[in-house]
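The structure appears right after this line, and notes come after that.
Just so it is clear: chains get the letters A, B, ... in the order the sequence lines come, proteins before strands, and each one is counted from 1.
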Protein chains: 2
Amino acid sequence: MNLSAAIAKMILEGLEIDGQIELQRNELAQQFGCVPSQINYVISSRFTPEQGYMVESRRGGGGFIRISRVKLGKGALLMHVINNIGQSLDEKTCRAHLLNLKHQSIIDKNSADLMLAATSDKALKLLSDHTREETRAIIFKNLLLAVSKA
Amino acid sequence: MNLSAAIAKMILEGLEIDGQIELQRNELAQQFGCVPSQINYVISSRFTPEQGYMVESRRGGGGFIRISRVKLGKGALLMHVINNIGQSLDEKTCRAHLLNLKHQSIIDKNSADLMLAATSDKALKLLSDHTREETRAIIFKNLLLAVSKA
DNA sequence: GGGTCAAAGGTCAGTAATGGTCAAGAGCCC
DNA sequence: GGGCTCTTGACCATTACTGACCTTTGACCC
């Protein structure tokens with residue numbers, strides 16, 4: 001397991017307790033024997049709003065970084081996602097949406113896997129870039145709608 | 001035995017253990033004294049979904065390629081369907097397959113609904129008839145595969 | 001209050017470490 | 001010879017890590 005994964009794991013464990021964790025950047029970096037900015041890297045790559053996290057911080061003496069898991073209602077969240085998709089959707093963003101929804105227990109693993117399969121680049125490989133991303137957006141919206149009706 | 005066969009053999013042996021193997025592309029290439037892309041060739045020619053394998057990978061530091069054998073059982077039936085779909089699939093036939101699978105309790109209602117949503121004409125409305133039916137076939141196969149590994 | 005300084009955290013660009021794609025050529029079998 | 005499968009290499013994309021430099025905040029002093 002690489003450094004980033006280890007740091008992410010530790011943060012995740014801290015979040016288990018009450019969905020929120022407050023940490024000291026320098027201290028954490030020292031624990032892992034890495035440069036402080038590594039912490040920023042991990043946070044910005046794995047604890048984004050897209051993935052269901054909120055990050056706050058303060059500099060200066062007694063500074064901190066606080067990461068919290070955000071909680072929203074199921075129908076609202078689905079609608080929010082649908083409404084924010086737009087006409088076109090790339091695979092990475094789609095995957096992030098799914099991870100987020102799964103993490104928040106809006107959809108179960110099984111559904112997430114299916115939705116991933118249906119919207120992967122692999123599944124849409126015949127299409128040109130532009131058409132693929134437009135079609136992915138439509139398929140994904142249809143899927144979310146199907147979920148919200150279930 | 002040629003290189004590709006040797007590499008495939010090694011992967012197959014690794015899969016024996018627990019139906020899953022994780023490898024380092026560069027490292028493996030070095031072991032066989034070939035270019036890294038040779039590994040991709042072997043994987044894409046012999047470890048395809050059609051042949052019952054699932055491949056995942058990640059780039060970057062600590063990257064990997066993971067190959068897993070799709071579990072059989074009800075999987076066998078799914079593979080049978082997958083292998084009989086062909087290159088092209090119309091909405092009616094697709095729907096029939098789904099009803100059939102649901103009837104046989106191979107998939108649950110929830111999954112069937114999702115799969116229907118992903119393969120409906122509505123979801124693929126942007127595409128020309130020909131492309132739509134080819135893409136539907138691919139999506140459906142990917143979905144069945146996802147189900148079979150669940 | 002205002003100045004100063006030390007203690008946080010933030011940004012960004014560069015480098016390293018992987019894997020992916022594609023097209024061209026080499027071999028092999030009919 | 002034609003058409004496969006196999007190999008290779010150049011070039012690309014993604015993820016991880018580091019370090020130099022920047023900004024913000026709080027404490028202390030006058």
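- Counting heavy atoms from C-beta on, the side chains of A:Y41 and A:I7 never come closer than 4.5 Å.
- Of the candidates C:dT11, D:dC6, D:dA16, C:dT11 carries the atom nearest the A:N40 side chain, counting heavy atoms from C-beta on.
- Each of A:G60 and B:S45 was assigned the nucleotide of DNA chain D with the nearest heavy atom; the assignment lying further toward the 5' end belongs to B:S45.
- In this structure, A:M1 places its CE atom 11 Å from P of D:dC17, rounding to the nearest Å.
- Across D:dG19, D:dT14, C:dT21, the shortest atom-to-atom separation from the side chain of B:R59 is found for D:dT14.
- For D:dA16, one of the phosphate oxygens OP1 or OP2 lies less than 4.0 angstrom from a side-chain nitrogen or oxygen of A:Y41.
- A salt bridge between A:R136 and A:D90 is absent, with no side-chain N of the basic residue lying under 4.0 Å from a carboxylate O of the acidic one.
- Counting any heavy atom pair closer than 4.0 Å across all strands shown, B:G63 reaches sugar-phosphate atoms only and no base atom.
- No side-chain donor from either of B:E91 and B:T119 sits under 3.5 Å from a side-chain acceptor of the other.
- For A:I39 and D:dT18, the CD1 to C1' distance is 13 Å, given to the nearest whole Å.
- Counting non-hydrogen atoms under 4.0 angstrom, B:G61 reaches a base of the nucleic acid.
- For A:E91 and C:dG20, the CD to C1' distance is 13 Å, given to the nearest whole Å.
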Notebook entry, point to check: For B:K141 and B:E50, what are the C-alpha separation, side-chain angles and deciding distance, and is it a side-chain contact (heavy atoms from CB on, under 4.5 Å)?
Noted result: CA-CA 9 Å; B:K141 287 179 194 172; B:E50 272 78 8; 3.8 Å; yes
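- Across all strands shown, A:R58 has heavy atoms under 4.0 Å from sugar-phosphate atoms exclusively, and none from any base.
- One interatomic measurement links the two molecules: CG of A:N2 to P of D:dT18, which rounds to 11 Å at whole-angstrom precision.
- Nucleotide C:dG10 holds its C1' atom 12 Å from the CG atom of A:N26, rounded to whole Å.
- Which of D:dT8, C:dG19, C:dG9 sits closest to the side chain of B:Q38 comes down to D:dT8.
- Going from atom OG1 of A:T131 over to atom CG of B:L124 covers 12.0 Å, rounded to the nearest 0.5 Å.
- Relative to the side chain of B:S4, the nucleotides C:dT11, D:dT7, D:dT8 differ in distance, and D:dT7 lies closest.
- Straight-line distance from the CZ atom of B:R66 to the P atom of C:dG19: 13 Å, rounded to whole Å.
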Note to self: Go through it in stages, so that I can follow the logic: the residues are B:H97 and B:L89, the test is side-chain contact (heavy atoms from CB on, under 4.5 Å), and I'd like the CA-CA distance, side-chain angles, deciding distance and then a yes or no.
What the structure shows: CA-CA 10 Å; B:H97 278 308; B:L89 181 65; 4.2 Å; yes
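- Among the nucleotides D:dT15, C:dA8, C:dG19, the one closest to any side-chain atom of B:S57 is C:dG19.
- Contact annotation for A:L3: backbone-only contact, meaning every heavy-atom pair under 4.0 Å involves sugar-phosphate atoms and none involves a base.
- Taking 4.0 angstrom as the limit, B:R46 places a side-chain polar atom (N or O) nearer than this to OP1 or OP2 of D:dC6.
- Of the candidates D:dT8, D:dA16, D:dT7, the closest approach to any side-chain atom of B:V35 belongs to D:dT8.
- What separates CD of A:Q24 from P of D:dT25 is a distance of 16 Å, to the nearest Å.
- Here the P atom of nucleotide D:dT7 and the CD1 atom of B:I43 are 14 Å apart, to the nearest Å.
- Side-chain N/O atoms of B:S37 and base N/O atoms of C:dG20 include no donor-acceptor pair closer than 3.5 Å.
- Close to D:dT15, at under 4.0 Å from its OP1 or OP2, lies a side-chain N or O of A:K92.
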